[in-house]
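Since the structure comes first, as structure tokens, the remarks are kept for the end.
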Amino acid sequence: VIAATVMAATVMAATVMAATVMAATVGVATSAAAVLIVAVITFAMRVGMIQALSGRTLPPVAERTIRNVGPAVLTALAVNLAAVPDSGWPYVGVEAGAGLVAAATVGWWRRNLLLATLVGMSAVWVVAAFG
Amino acid sequence: VRPTWFDRRAVIESAPIFVPAIPFGFVVGVAMAESAMPGWIAWSSSPLIFAGAAQLAVLTLAGSAGLWAIVVAGMVINARHLMYGAALAPAFRRQPRWFRWLGPFVLIDQVFALSVFRADGSPEEFRRYYTTCGVFFFVGWQITTTAGMVIGPVVPASWRLGLAAPVMFVGMVLVSVRRWPQAVAAGSAAAVGLAGAGLPDRLGIVVAAAVGVTAGAVAESVAGR
């Protein structure tokens with residue numbers, strides 16, 4: 001209970017800090033704040049469960065939901081970073097699209113991150129060379 | 001003289017798992033060099049955050065996303081550590097208090113994967129093994145990301161290393177997805193993420209992730225019936 005309270009307080013404090021610093025200019029202060037806040041949150045998440053679970057386990061529903069978080073966030077991030085924000089609908093360019101599809105296919109098929117990344121980037125280079 | 005926390009077997013078992021992390025560390029290092037952040041602050045993410053995917057998000061989003069969006073992205077990406085902590089909690093329960101606080105700092109994916117199968121040994125054995133893995137990956141990560149940061153600016157733009165991060169993220173998702181509700185979560189996040197890519201402050205990431213997790217939870221309840 002204490003650990004959970006500490007964690008909740010840390011996350012709340014971090015959010016308030018974030019909101020405060022956001023008003024400041026982009027630069028050293030904002031960058032340092034971003035790194036420090038994410039560092040604190042990362043550590044809180046690593047240590048939180050170990051401290052909190054002294055004699056219990058999470059309900060299965062919570063564990064399954066946590067497992068969906070990673071795929072959802074990383075996919076959202078990948079598409080957002082690869083997309084070209086247009087005045088109309090945003091779209092993913094041919095080079096980036098080829099890389100994403102190749103990485104996805106190889107990742108699913110071979111279950112090997114290194115191979116998926118290499119093939120994905122190779123697809124980008126091949127399409128770029130012909131485009 | 002060998003320090004008492006050292007476990008040679010942990011090094012032997014960590015090394016092959018570290019090799020695939022080298023290009024990833026390099027990508028993060030390149031992102032440090034290209035980040036809108038001042039270089040030394042970008043670099044400090046390696047010793048302070050010590051989580052590749054979260055670092056990559058913080059480094060690449062800086063300059064184009066609001067601080068709160070960066071923090072939320074970092075927080076959500078790292079949510080899987082809650083799961084690691086929950087899984088290792090029984091092993092840590094038998095450890096001294098100082099180790100329960102310090103040990104989790106190096107609880108990265110690889111250290112979790114290696115040590116979760118050692119949880120049944122004696123507390124001392126587990127501590128030696130876990131600590132050696134943690135130190136090995138921490139030192140290795142500093143070296144590879146720093147190398148990427150130094151070499152990164154020399155690489156010509158035609159190599160399109162900026163696309164390495166999204167390509168790697170998609171690879172990570174597809175390598176780890178095992179159950180179809182996770183695929184539903186990823187697929188809906190991709191669709192909403194594309195539709196919302198034009199939103200300011202990269203707000204689309206947060207919206208897409210929320211929709212993805214919700215869709216995944218709905219799929220879970222359907223699957224559970």
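Proteins get letters first, then strands, A, B, ... in listed order; numbering begins at 1 in each.
- Per-residue counts of heavy-atom pairs under 4.5 Å with chain A were compared for Pro38(B), Gly74(B), Ala53(B); the largest is that of Pro38(B).
- Most heavy-atom pairs under 4.5 Å with chain B, from the set Val38(A), Val35(A), Thr117(A): that is Val35(A).
- Contacts with chain A were tallied for Gly187(B), Ala195(B), Ala191(B), Ala208(B); Ala195(B) has the most, counting heavy-atom pairs under 4.5 Å.
- Both the backbone and the side chain of Gln182(B) come within less than 4.5 Å of a heavy atom in chain A.
- The minimum heavy-atom distance linking Leu67(B) with Ala33(A) is given by the pair CD2-CB, 4.1 Å.
- Heavy atoms of Trp108(A) lying under 4.5 Å from chain B belong to its backbone as well as its side chain.
- Put simply, of Ala103(A), Gly120(A), Ala116(A), the one with the most heavy-atom pairs under 4.5 Å next to chain B is Ala103(A).
- Listed options Ala190(B), Ser45(B), Ala215(B), Gly193(B) were ranked by heavy-atom pairs under 4.5 angstrom with chain A; first place goes to Ala190(B).
- Contact of Val58(B) with chain A is made through the side chain alone, with heavy-atom distances under 4.5 Å.
- Ser31(A) places no side-chain N or O within 3.5 Å of a backbone atom of Met37(B) that could act as its donor or acceptor partner.
- Neither the backbone nor the side chain of Val84(A) has a heavy atom closer than 4.5 Å to any heavy atom of chain B.
- With 3.5 Å as the limit, one finds a donor-acceptor pair spanning the side chains of Ser46(B) and Gln55(B).
- Interface remark: Leu74(A) contributes backbone and side-chain atoms alike to the contact with chain B (heavy atom separation under 4.5 Å).
- Counting heavy-atom pairs under 4.5 Å between each of Val211(B), Val72(B), Ile205(B) and chain A puts Ile205(B) at the top.
- Remark: Arg118(B) is positioned above the aromatic ring of Tyr129(B), its terminal NZ or CZ atom under 6.0 angstrom from the ring centre and at most 45 degrees off the axis.
- Nearest heavy atoms, Val124(A) versus Gly99(A): CG2-CA, 3.6 Å.
- Looking at Leu36(A), the atoms closer than 4.5 Å to chain B (heavy atoms on both sides) all sit in the side chain, from C-beta outward.
- There is no contact between Phe112(B) and chain A, counting heavy-atom distances below 4.5 Å.
- Within the 4.5 angstrom heavy-atom criterion, no atom of Tyr84(B) approaches chain A.
- Between chain A and the options Ile70(B), Ile22(B), Leu194(B), Val76(B), heavy-atom pairs under 4.5 Å are most frequent for Leu194(B).
- Between the side chain of Arg160(B) and the backbone N or O of Glu95(A) there is no donor-acceptor pair closer than 3.5 Å.
- Neither the backbone nor the side chain of Leu56(B) comes within contact range of chain A, judged by heavy atoms closer than 4.5 Å.
- In this structure, no portion of Ala91(B) lies under 4.5 Å from any heavy atom of chain A.
- A donor-acceptor contact shorter than 3.5 Å links the side chain of Arg46(A) to the backbone of Leu107(B).
- Remark: of the listed residues Tyr130(B), Trp141(B), Phe18(B), Phe18(B) is the sole one forming a ring pair (Phe, Tyr, Trp, His ring centres under 6.0 Å) with Phe136(B).
- Counting non-hydrogen atoms of other residues, nucleotides and ligands closer than 6.0 Å to CH2 of Trp40(B) gives a total of 12 or fewer.
- Without hydrogens or angle criteria, Ser35(B) side chain to Met32(B) main chain gives no donor-acceptor distance under 3.5 Å.
- Neither the backbone nor the side chain of Ala62(B) comes within contact range of chain A; no heavy atom of the residue lies under 4.5 Å from a heavy atom of that chain.
- For an aromatic pair to be called close, the ring centres must be under 6.0 Å apart, and Phe126(B) with Phe92(B) satisfies this.
- Counting heavy-atom pairs closer than 4.5 Å to chain A, the top-ranked of the candidates Ser221(B), Gly212(B), Ala186(B) is Ala186(B).
- In this structure, Arg100(B) contributes its side chain and Gln95(B) its backbone to a donor-acceptor pair below 3.5 Å.
- When heavy atoms are compared at a cutoff of 4.5 Å, Val73(A) approaches chain B by way of both its backbone and its side chain.
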